[in-house]
Amino acid sequence: MGGFSNNGSPHSSLSLFSHLRKSTNLVPNSSTYTYAISAASGARDERAGRVVHGQALVDGFDSELRLGSNIVNMYFKFSRVGDARNVFDRMPERDSVLWNTMLSGYGENEMYEESVQVFRELINESSTRFDSTTLLSVLPAVAELQELRLGMVIHSLAMKTGCYSHDFVRTGFISLYSKCGKIEMESARKVFDESPHKSLTSWNAMISGYTQNGLTEDAISLFREMQKSEFSPNPITITCILSACAQLGTLSLGKWVHGLVRGTDFESSIYVSTALIGMYAKCGSIAEARRLFDLMPKRNEVTWNTMISGYGLHGHGQDALSIFSEMLNSGVAPTQVTFLCVLYACSHAGLVKEGDDMFNSMDHRYGFEPSVKHYACMVDILGRAGHLQRALQFIEAMPVEADPSVWQTLLGACRIHKDTNLARTVSEKLFELDPDNVGYHVLLSNIHSADRNYPQAATVRQAAKKRKLTKAPGCTLIEIGGTPHVFTSGDKSHPQVKAIYEKLEELEGKMREAGYQPETELALHDVEEEERELMVKFHSERLAIAFGLIATEPGTEIRIIKNLRVCLDCHTVTKLISEITERVIVVRDANRFHHFRDGVCSCGDYW
DNA sequence: AAATTTTTCG
């Protein structure tokens, strides 16, 4: 019978099964049914699966444990969770395999609450003993729900039983703690360090955990440690590391990783080459990204999406649109994410008409119902272009409920176009929807200040302080000869601090001669007022640019990365500096790239 | 069985 599911197509094994059942001299047993169920699962033939299930019922095999687990598993594969649950509920006895099938089945169908609930039933109400697979099966659900307390209970259960000796269980805990946020990375690392027999997967889980939580330096140093160990990176390790490089924006590091895989089999991994394209795009080399893209023998939808969003990131809206039409001709079907990438590119290039057409055609021509993310993109397109009232009407007419991200987008547009009145309405809305967000507190307080309603401003600010809400400080990175230098606002810690500030004074003199007046954005910046005064002249990007001017030969391109969005005044100043010093300055901020040359920015002052 | 590439706003 074993040959049924291996021999020929699953469909033929199913008809063979029917034939066998009808013949009188051969009686199918529960194994026969188990194989037939696996065959139906493998063939994704739900109808056939139901037929076999029905026949098993008639023949009285439905209470067999192994068969039961297979039937439950099959229904989960078809996303028929109700049927799976019914079969499970009707089983007269249950073993760990059956329970584990329920746990992972719910998990695979993204029903994490149900998965955790079944685990609780198993522990509290059942006499079945759990095993290491049980713990591993429930951990992804616990991680997804960020149920840290339950995770810790499971951790102690694992230590009390023998389960903790399995490396894959430890790996599950590493990814659990990683998903619970940055501060749990210490626990993850502890699990990793204490593993007596590490595996490639535990290394990968640890590196990926660092990357997910933005701890890219940590990720890279662990990767270097791994290179000294007995383990060699696989394509998964490489994609994790490339995503760290992309986050950091350090081209030299990304090129180094590219060098490691050049000429190896990894290059043929679609994951690796797509990650390389993303890395080059995010590190500023859009041309190199395109070169790799053109070299790829095979591309999937993610590859296309990466290239489209790369163009978007650089403000190359027309390139994004033309590669999108190439995608349509390539035979790779666009996905919902593709439309997000295209809309994103339209908004960063000011292509209102094109974006509007795209939004409509995705619905009417491609049959994708727009999600709240697509609506947010559309609000961004309208808002950035200055159509604030249209954007507001668009939000009000949305068939899905507007979440904070949609209002946040409109708020960004209010800031660009200095619409204080609308900003006030929107901030109140945001404050109401998400009272734990620092940004909204500071913003609302600044808006009250602008209205000269100081008592109200103070109240909002105090509320934020009381809740210990703090905001990430702005910082900028510049690489000189492969060495990274990081600056914060008003930073005095750099060894060449004196020369840097002198350079800034010198530049400011020249800029004023050219008619420059500092622009301070009232109220619409979510920065504390005192901080704003302190920082305005010495924002981290200016320090980094000044250092770049000192530390490199005349004419060298200056490339910097900032963790926040570049402010209006710094944008103006950078344009002027590019003109005065005759340098190309490339700035990657939290949102996109700006290429400054001869006093003009590639974003067309549109960001 | 665990670990990969794309995704608005901030």
Side-chain angles (χ1 to χ4, degrees), chain A residues 100 103-104 107-108 132-140 143 166-176 178 199-209 211-212 233-243 246 266 269-279 281-282 299-310 312-313 334-348 355 370-381 383-384 402-413 415 426 430 434 437-440 443 471-472 526 563-565 589-591:
Chain A
N100 297 349
L103 295 172
S104 55
E108 274 157 23
S132 48
T133 309
T134 314
L135 300 189
L136 189 66
S137 305
V138 75
L139 278 181
H166 296 268
D167 185 73
F168 54 78
V169 174
R170 290 182 194 254
T171 305
F173 285 112
I174 294 175
S175 81
L176 165 79
S178 301
S199 64
L200 178 55
T201 313
S202 54
W203 282 91
N204 285 348
M206 197 64 225
I207 292 172
S208 149
T211 312
Q212 281 163 37
N234 69 355
I236 292 172
T237 328
I238 296 296
T239 47
C240 280
I241 282 300
L242 283 171
S243 116
F266 293 174
S269 154
I270 205 158
Y271 281 90
V272 171
S273 22
T274 303
L276 278 170
I277 291 169
M279 181 278 292
K282 286 185 177 143
R299 310 176 185 107
N300 64 13
E301 73 282 5
V302 181
T303 318
W304 287 96
N305 294 352
T306 306
M307 201 60 233
I308 294 169
S309 71
L313 194 64
T335 64
Q336 274 106 325
V337 175
T338 310
F339 285 96
L340 278 179
C341 297
V342 175
L343 291 173
Y344 166 74
C346 289
S347 90
H348 283 257
S371 73
V372 72
K373 289 180 177 181
H374 296 98
Y375 282 100
C377 273
M378 209 47 222
V379 169
D380 195 46
I381 289 177
R384 263 178 218 276
D403 69 356
S405 75
V406 175
W407 292 108
Q408 184 85 58
T409 307
L410 185 58
L411 184 66
R415 186 179 300 168
V426 177
L430 277 167
D434 188 3
N437 190 303
V438 215
Y440 308 153
L443 190 71
K471 194 171 169 281
D526 55 355
N563 65 338
L564 307 175
R565 237 180 112 236
D589 73 7
N591 278 351

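Below, chains carry the letters A, B, ... as their sequence lines are ordered, and counting in each starts from 1. What you see below is based on every heavy atom in this structure, not just the backbone, and it leaves out hydrogens, waters and symmetry mates.
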(request) Mark yes or no for whether A:T274, through its side chain, and A:Y271, through its backbone, hold a donor-acceptor pair below 3.5 Å. (result) no
(request) Identify, with sequence neighbours excluded, every residue that meets side-chain contact (heavy atoms from CB on, under 4.5 Å) alongside A:S202. (result) A:D167, A:T171, A:I174, A:F192, A:K198, A:S199
(request) Quick one: label A:P404 by what it contacts on the DNA or RNA (base, sugar-phosphate, nothing), any heavy atom closer than 4.0 Å. (result) nothing
(message) When you measure from the side-chain N and O atoms of A:Q336 to the phosphate of B:dT6, is any distance below 4.0 Å, counting only OP1 and OP2?
(response) no
(request) Report yes if at least one side-chain N or O of A:K282 is closer than 4.0 Å to OP1 or OP2 of B:dT5; otherwise report no. (result) no
(message) Whether A:S208 contacts B:dT4 is assessed here as follows: a side-chain N or O lying under 4.0 Å from the phosphate OP1 or OP2. Is that the case?
(response) yes
(request) Counting heavy atoms from C-beta on, name the nucleotide in B:dC9, B:dA2, B:dA3 closest to the side chain of A:Y344. (result) B:dC9
(request) Report the residues that fulfil side chain to side chain donor-acceptor pair (under 3.5 Å) with A:Q408, sequence neighbours left out, ordered by chain and then residue number. (result) A:Y440
(request) Kindly write out the residues that satisfy side chain to side chain donor-acceptor pair (under 3.5 Å) with A:S243, not counting sequence neighbours, or none if the list is empty. (result) none
(request) Find the distance A:L200:CG to B:dA3:P and express it as a whole number of Å. (result) 13 Å
(message) Tell me if the side-chain of A:T171 makes a donor-acceptor pair with the base of B:dA2, cut-off 3.5 Å, by modelled atom types.
(response) no
(request) Tell me, please, which residues at least two apart from A:S273 pass side chain to side chain donor-acceptor pair (under 3.5 Å). (result) none
(message) Can you identify which nucleotide, out of B:dA3, B:dT8, B:dT6, has its nearest atom closest to the A:S405 side chain?
(response) B:dT8
(request) Select one nucleotide: of B:dT7, B:dA1, B:dT5, the one nearest the side-chain heavy atoms of A:F168. (result) B:dA1
(request) State which of B:dC9, B:dT4, B:dT5 makes the closest approach to the side chain of A:T409. (result) B:dC9
(request) Could you check how far CG of A:D167 sits from P of B:dA1, rounded to whole Å? (result) 16 Å
(request) Check the distance between B:dT8's C1' and A:H348's NE2 and give it to me in whole angstrom. (result) 8 Å
(message) Whether the A:Q212 and A:S208 side chains hold a donor-acceptor pair (N or O, under 3.5 Å, no angle test) is what I'd like checked.
(response) yes
(request) Return the nearest nucleotide to the side chain of A:Y271; candidates are B:dT6, B:dT4, B:dA2. (result) B:dT4
(request) Identify which nucleotide among B:dT8, B:dA3, B:dT5 has an atom closest to any side-chain atom of A:T239, counting heavy atoms from C-beta outward. (result) B:dT5
(request) Kindly state which residues belonging to residues 372-381 of chain A come within less than 4.0 angstrom of DNA chain B, counting heavy atoms of the residue only, listed by number. (result) A:K373, A:A376, A:C377, A:D380
(request) Measure the distance from CD1 on A:I238 to C1' on B:dT5 and round it to the nearest whole Å. (result) 13 Å
(request) To the nearest Å, give me how far apart CG (A:L313) and P (B:dC9) are. (result) 10 Å
(message) What's A:E108 touching, base or sugar-phosphate or nothing? Going by heavy atoms closer than 4.0 Å.
(response) nothing
(request) Check every strand shown and say whether A:S309 touches a base, only sugar-phosphate, or nothing at a heavy-atom separation below 4.0 Å. (result) sugar-phosphate
(message) Holding to side chain to side chain donor-acceptor pair (under 3.5 Å), I want the full list of residues that pass it with A:N100, two or more places apart in sequence or in another chain.
(response) A:D131, A:T134
(request) Check whether any side-chain nitrogen or oxygen of A:R384 sits under 4.0 Å from OP1 or OP2 of B:dC9, and answer yes or no. (result) yes
(request) To the nearest Å, give me how far apart CD1 (A:I207) and C1' (B:dA2) are. (result) 14 Å
(request) Would you kindly give the CG-to-C1' distance between A:N100 and B:dA1, to the nearest whole Å? (result) 11 Å
